[in-house]
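First up is the structure itself, then whatever we jot down about it.
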Amino acid sequence: MTVPAEDERPHPPGAALSWTETTWLELFDGASQLAGVVRLDVRPNQGTGEVSFSFFLPDDGFITARHVTAYAADASSVVEIEDARLETIEPLRRWSVRYDGPSHALASAAEARNREAWHRSRLERLIVELDVTAACDAVPGDRSFAQPVRVAGEVWVSGDQYVLAARGLRGKAWRDGVLAQRATSVALWCDDDRVLFARVETRSGTSGGTETVEGWTSIGGEVRPVRELRLERAASVAGASAAMTVVVRGDGGEHRIGVELPHVAPLVGLSGGRSHELRLGVAHARWDGHPGHGFLEELE
């Protein structure tokens, strides 16, 4: 199956007030060791749009900017929210990401859980100028798609310049927006063009929790669906990066990918009256001997 160019445009919203159309970009630059996540959430039934930029610095610093405003989605290829400008230049092929505005800086990503740390955080000027191009075709999912991309440009943090020639993943999802009880998401890309994009989540139901798995592996350009995703955690060692093995099973067999998480930002929030924590981690991976990078997210 292929992804139609029309999926870059806004979709008719569902009935749920929380229905959300999310566009996201994850990247890692090997030369500078800068990792970043850009996210746009449009909630047409609430009449709001939210854009956020989060960057993990090589010294474990964490920079984030977030803006929420009244917003009405339309067919335009450009989205402008406060100081952010996101443009689809060619659907499923080329995009532009721009931001020039304030951000909050923490000395360590691990401080993201601490509300007082945010109150004490430094206010920094963040400049983002990124050109994003598709590395291969998008892969469809359940009311979603994702595709490997290449990212070129610059990120400035109060005068510190990071010149990027990065790899990453970009995608979109349009769903009811209800937060899962638990979820794990993995996005990894390796030097030999191996890619993993997978998610397992548990949602509440009338007969208890229901677990669903979706995603895919791409090896040598051959895309195969993922049927099972789990994490095997290594014994913790004081002062060491969190380490684990990502295990995926699918039509292509089982893959065991070693992962270290040198930077993890525990982001706390409240949704539907329930508090939650999303642990967003930069991942350094080794897949059948091939080095790779990406992100691992755990929601509880």
Side-chain angles (χ1 to χ4, degrees), residues 3 5 7-8 22-40 51-59 61-67 76-103 105 124-139 145-172 187-197 218 221 262-263 280-285 287 290-295:
V3 176
D7 276 346
E8 288 276 28
T22 299
T23 305
W24 54 269
L25 169 68
E26 297 180 347
L27 63 95
F28 181 86
D29 180 66
S32 68
Q33 297 289 295
L34 184 81
V37 177
V38 180
R39 182 179 173 112
L40 169 68
V51 65
S52 62
F53 297 81
S54 299
F55 290 95
F56 294 82
L57 305 184
D59 64 356
F62 184 63
I63 308 293
T64 188
R66 174 176 174 265
H67 296 285
S76 172
S77 61
V78 177
V79 173
E80 292 184 303
I81 295 179
E82 299 292 339
D83 302 307
R85 186 180 192 275
L86 311 178
E87 180 180 3
T88 298
I89 300 170
E90 182 181 354
L92 301 174
R93 288 289 172 245
R94 295 177 58 214
W95 308 267
S96 171
V97 178
R98 300 291 187 267
Y99 179 79
D100 187 347
S103 68
E124 306 270 14
R125 181 184 180 186
L126 175 66
I127 302 174
V128 179
E129 297 179 352
L130 301 177
D131 297 313
V132 184
T133 57
C136 59
D137 291 341
V139 180
F145 67 80
Q147 70 184 122
V149 294
R150 299 188 184 278
V151 184
E154 298 179 355
V155 173
W156 294 77
V157 181
S158 288
D160 292 334
Q161 180 190 28
Y162 299 87
V163 179
L164 307 185
R167 298 182 61 185
L169 281 169
R170 176 190 181 270
K172 190 174 182 180
L188 298 173
W189 49 92
C190 293
D191 292 345
D192 69 336
D193 290 332
R194 292 173 180 240
V195 181
L196 167 64
F197 178 69
S218 177
H263 313 296
L280 176 62
V282 178
H284 296 338
W287 185 352
H290 301 278
H293 304 283
F295 285 85

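Side-chain atoms are counted along with the backbone in the values below, which use heavy atoms only and exclude waters and symmetry mates.
Taken from CD in Glu124 to OG in Ser158, the straight-line distance is 3.5 Å, to the nearest 0.5 Å. How far CG of Asp131 is from CG of Leu164: 11.0 Å, rounded to the nearest 0.5 Å. Rounding to the nearest 0.5 Å places CZ of Phe145 at 6.0 Å from NZ of Lys172. The distance from atom CG of Leu27 to atom CG of Leu34, rounded to the nearest 0.5 Å, is 7.0 Å. The CD atom of Glu154 sits 4.5 Å away from atom CD of Gln161, with the distance rounded to the nearest 0.5 Å. For the atom pair OH (Tyr162) and CG (Leu57), the distance works out to 4.5 Å, reported to the nearest 0.5 Å.
In summary, the aromatic rings of His263 and Phe62 are positioned with their centroids too far apart to meet the 6.0 Å limit.
Remark: Asp100 pairs with Arg125 by the salt bridge (Lys or Arg N to Asp or Glu O under 4.0 Å) rule, at least two apart or across chains. Under the salt bridge (Lys or Arg N to Asp or Glu O under 4.0 Å) criterion, Arg150 pairs with no residue at all, not counting sequence neighbours.
Put simply, the side chain of Val139 does not reach to within 4.5 Å of the side chain of Phe197, judged on heavy atoms. When side chains are defined from C-beta on, Glu90 does not count as touching Trp95, because their heavy atoms never get closer than 4.5 Å. Counting only heavy atoms from C-beta outward, the side chains of Val157 and Ser103 never approach each other to under 4.5 Å. Between Asp193 and Arg167, some side-chain heavy-atom pair lies under the 4.5 Å cut-off. By the 4.5 Å heavy-atom criterion applied to side chains, Thr23 and Arg170 are counted as neighbours. By the 4.5 Å heavy-atom criterion applied to side chains, Val163 and Asp29 are not counted as neighbours.
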- Task: Check step by step if side chain to side chain contact (heavy atoms under 4.5 Å, CB included) holds for Leu130 and Val155.
- Result: CA-CA 8 Å; Leu130 301 177; Val155 173; 4.3 Å; yes

- Query: Are Arg39 and Phe53 close enough, and set up right, to give a side chain to side chain contact (heavy atoms under 4.5 Å, CB included), and what steps lead you there?
  - Reply: CA-CA 7 Å; Arg39 182 179 173 112; Phe53 297 81; over 6 Å; no

- Item | Phe55 and Leu126: CA distance, side-chain angles, deciding distance, side chain to side chain contact (heavy atoms under 4.5 Å, CB included) verdict | CA-CA 10 Å; Phe55 290 95; Leu126 175 66; 4.3 Å; yes

- Could you walk me through whether Leu280 and Phe295 pass the side chain to side chain contact (heavy atoms under 4.5 Å, CB included) test, one step at a time? CA-CA 7 Å; Leu280 176 62; Phe295 285 85; 3.9 Å; yes

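Looking only at distances, no side-chain donor or acceptor of Glu26 sits under 3.5 Å from a matching main-chain atom of Gly294. Without hydrogens or angle criteria, Arg93 side chain to Thr133 main chain gives no donor-acceptor distance under 3.5 Å. Side chain of Gln147 to backbone of Cys136: a donor-acceptor contact under 3.5 angstrom is found.
For the pairing with Val151, the side-chain contact (heavy atoms from CB on, under 4.5 Å) check across Leu25, Val97, Val38 returns one residue only, Leu25. Test His67, Glu82, Arg85 against Tyr99 for side-chain contact (heavy atoms from CB on, under 4.5 Å) and you get one pass: His67.
By the neighbour-count criterion of 12 heavy atoms within 6.0 Å, atom CZ of Arg98 is densely surrounded, having more than that number from other residues, nucleotides or ligands.
The two residues Leu169 and Trp24 make their nearest non-hydrogen contact at O-CZ3, 3.4 Å. Nearest approach of Asp137 to Pro148, heavy atoms of both residues: O-CD, 4.4 Å. In this structure, Pro91 and Ala5 approach most closely via the heavy-atom pair CB-CB, 3.9 Å. Of all heavy-atom pairs between Glu87 and Val78, the closest is CG-CG2, 3.7 Å. Nearest heavy atoms, Val149 versus Ala134: CG1-CA, 4.2 Å.
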